[in-house]
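One structure is given here, and the rest of the page talks about it.
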Amino acid sequence: MFRCVLAVAQLPFTRFNNTTHLWCLRALKYSVPILQRARGAGERWEEEHYEDGVKWRFLEHKGPLFAPEYEPLTDNVRFHYNGQPMKLSANAEEVATFFGKMLDHEYTTNAIFRANFFTDWREVMTSAERKLITNLNKCDFQEIHTYFTEKTEAKRVQSKEVKQDLKMEQEAIAQEYGYCTMDGHRERIANYKIEPPGLFRGRGSHPKMGKLKNRIQPEDVIINCSRDSKIPVPPTGHNWKEVRFDNKVTWLASWTENVQGAMKYIMLNPSSKLKGEKDWQKFEIARRLKGCVDDIRAKYSADLKSREMKSRQRAVALYFIDKLALRAGNEKEEGETADTVGCCSLRVEHIKLHNKLNGQACVVEFDFLGKDSIRYYNKVLVKKQVFKNLKHFMQNKDPSDDVFDRLNTHNLNKHLQELMEGLTAKVFRTYNASITLQHQLEQLTDSEGSEAEKLLSYNRANRAVAVLCNHQRTAPKSFDQSMKKIQAKIEAKKEQIDLTKSELKSAKMYHKVKKDKKSKLCKKYDVPIEKVYNKTQREKFAWAIDMTEEDFVF
DNA sequence: CCTAGAACTTAGCATAATGTTG
DNA sequence: CAACATTATGCTAAGTTCTAGG
């Protein structure tokens, strides 16, 4: 801990401010008890935990913060239908503003988005409005759009003092609603604000995009807290849907969202003891996998030749999950969500088999949309037996048929549980990401190198993990332009190669890769922690930072 | 068993905050 | 200091896994 504080203080170009102090205090508060427990003679920290699924003994909070009420537009901001200005009823107007605000977003040109929006919008209209407004193409939201754009701009240019005051107000609200008391600790709540109404922004080609997300009322919300705590008071004139006292769950409040019918929860911040310990446990499971992964690999390699179809399918799936860090791939209800897949749900159309490709034998070409409709494209050299099996699984099937027709995530995970306690498909992602990072760091880092060089190594290692996990984000529209600028910079700075190297890398990193954050190895390589993690990440990994000795290996 | 729904983690996009430059 | 670039944080969608109940 103290070594860590010193590292922060020594740094050039870093402000050692209140935030940093707060972070250190929090780290002390949470990580030291964990540390002591973890190091107790033969004592496992889980044993300190409450019995049998109990998550807490005492929980008190204020209840969630509701979205501000809708403020009707003034008469000078007009909606036009078919060229004619028209005053909408309050409900219809509110929903119109949701669309109007988004006018410069691509969503509003999407046919599905438009159709869903229009259907839901018409439902909140008065019958007179519904009768008149029958074609979205005749709707003109431009004044609404301009109004909100100007409002944002006005906010942007207001004086420092006004901004400061507003910030203070927000902070006061956060102090009141943003924290709870759990077992004697004041803990930050991750999402104390109830999601405001709006238009559903599904990713990829989501069949429900544009649908109206309803305004949540206290009557929709279930509160969870201690029986002996100060029970949250609903807003005046309202009641909670229910108040329950369930200490076997971690959430403080929940409601059912209307677009997908899914539950939404209010839970604690990652910096909390509850979440932090769970996260810790996740890495412990991954480390246990490290100890037996060779056996597990041997087992599924043997299963590749099993007479039983189910075992062979499972073996191939595990091979992919392990080698390529694919997600498990639950089955999804058709038409309810974007069509995305993971390992178990791969279809014949997602895989191409190449007996020979560029001089290599047994190449599998993957092309599918994974989580968040992010494309996974990869050509992989596989074991002969894997290739043979795949060929067999895919024989006489239609493109839309499942490759692994005898397999699902449930029976896969059940099998994994038998191989190692706590093992599930996602543990392989954690394990492979961690081990990749460590190996890359070992390979890339020269302990004699400068700080900049070490940072570069770290970023490269991180990049390798991002590639493994297929973490990416869509390139901003200005990508080409900024890339050109970067190129120009490189030319200009060719003289000072050392400096430029790291700059280029970080510039490229920004565009290509979203950082993965699971390293605990900064201390080991003597890299200042805040060059690598931002405040949020440091808070979340306070425990990990603290635990990391110089000789720490994953 | 099996399955639907509940609970909890992971992840990309939006936006706010901060830094840089002309 | 405005305009642009980059980073940090907020938000919530989209996954995985667990669990309860038939």
Think [X] has a side-chain N or O under 4.0 angstrom from the OP1 or OP2 of [N]?
| X | N | value |
| --- | --- | --- |
| A/T424 | C/dT17 | yes |
| A/N191 | C/dC11 | no |
| A/K426 | B/dT10 | yes |
| A/N330 | C/dG15 | no |
| A/R327 | B/dA11 | yes |

What string of B, S and - do you get for nucleotides 2-7 of chain B 5' to 3' if you count protein non-hydrogen atoms under 4.0 Å? ----SB

In terms of ring plane angle, is the pair [X] and [Y] parallel, tilted or perpendicular, where the classes change at 30° and 60°?
| X | Y | answer |
| --- | --- | --- |
| A/F200 | A/H206 | perpendicular |
| A/Y319 | A/Y300 | perpendicular |
| A/F368 | A/F366 | perpendicular |

Can you work out whether A/D372 or A/K414 has the more 5'-proximal nearest nucleotide on DNA chain B?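 Mapping each residue to its closest nucleotide by heavy atoms, the 5'-most match is A/K414.
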
Contacts to DNA chain C from residues 206-217 of chain A, heavy-atom cutoff under 4.0 Å, which residues?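 Correct list: A/H206, A/K213.
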
Looking at A/N247 and A/W56, would you say the former's side chain and the latter's main chain have a donor-acceptor pair under 3.5 Å?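 Yes, the answer is positive, given that a donor and an acceptor are paired below the 3.5 Å cut-off.
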
For the side chain of A/D220 and the backbone of A/W255, is there at least one donor-acceptor N/O pair under 3.5 Å apart?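 Such a contact is absent between A/D220 side chain and A/W255 backbone.
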
Angle between the two end axes of the helix from B/dC1-C/dG22 to B/dG22-C/dC1, five base pairs per end, rounded to 10 degrees?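 End-to-end axis angle for the helix from B/dC1-C/dG22 to B/dG22-C/dC1: 0°, rounded to 10°.
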
For A/D120 and A/K208: C-alpha separation, side-chain torsions, deciding distance, then whether salt bridge (charged side-chain N to carboxylate O under 4.0 Å, His left out) applies. CA-CA 11 Å; A/D120 285 3; A/K208 299 198 171 179; over 6 Å; no

Touch check for [X], heavy atoms < 4.0 angstrom, all strands: base, sugar-phosphate only, or nothing?
| X | answer |
| --- | --- |
| A/A338 | nothing |
| A/T340 | sugar-phosphate |
| A/Q260 | sugar-phosphate |
| A/G329 | sugar-phosphate |

Please report the distance, rounded to the nearest Å, between CG in A/N411 and C1' in B/dC1.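 Distance check: A/N411 CG to B/dC1 C1' gives 12 Å.
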
Suppose we call a contact any N or O donor and acceptor under 3.5 Å apart; does that hold for the side chain of A/K371 and the base of B/dT10?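 Such a pair exists between side chain and base.
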
Under-3.5 Å donor-acceptor pair between A/R203 side chain and B/dG12 base: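 Present.
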
Is it the case that more than 12 heavy atoms not belonging to A/R57 sit under 6.0 Å from its CZ atom?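 Correct, the count exceeds 12.
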
Within a 6.0 Å radius of atom CD on A/Q175, are there more than 12 heavy atoms belonging to other residues, nucleotides or ligands?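 Above 12, so yes.
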
Please determine, for the side chain of A/K193, which listed nucleotide (C/dC11, C/dG15, B/dA14) has the closest atom?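 Closest nucleotide among those given: C/dC11.
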
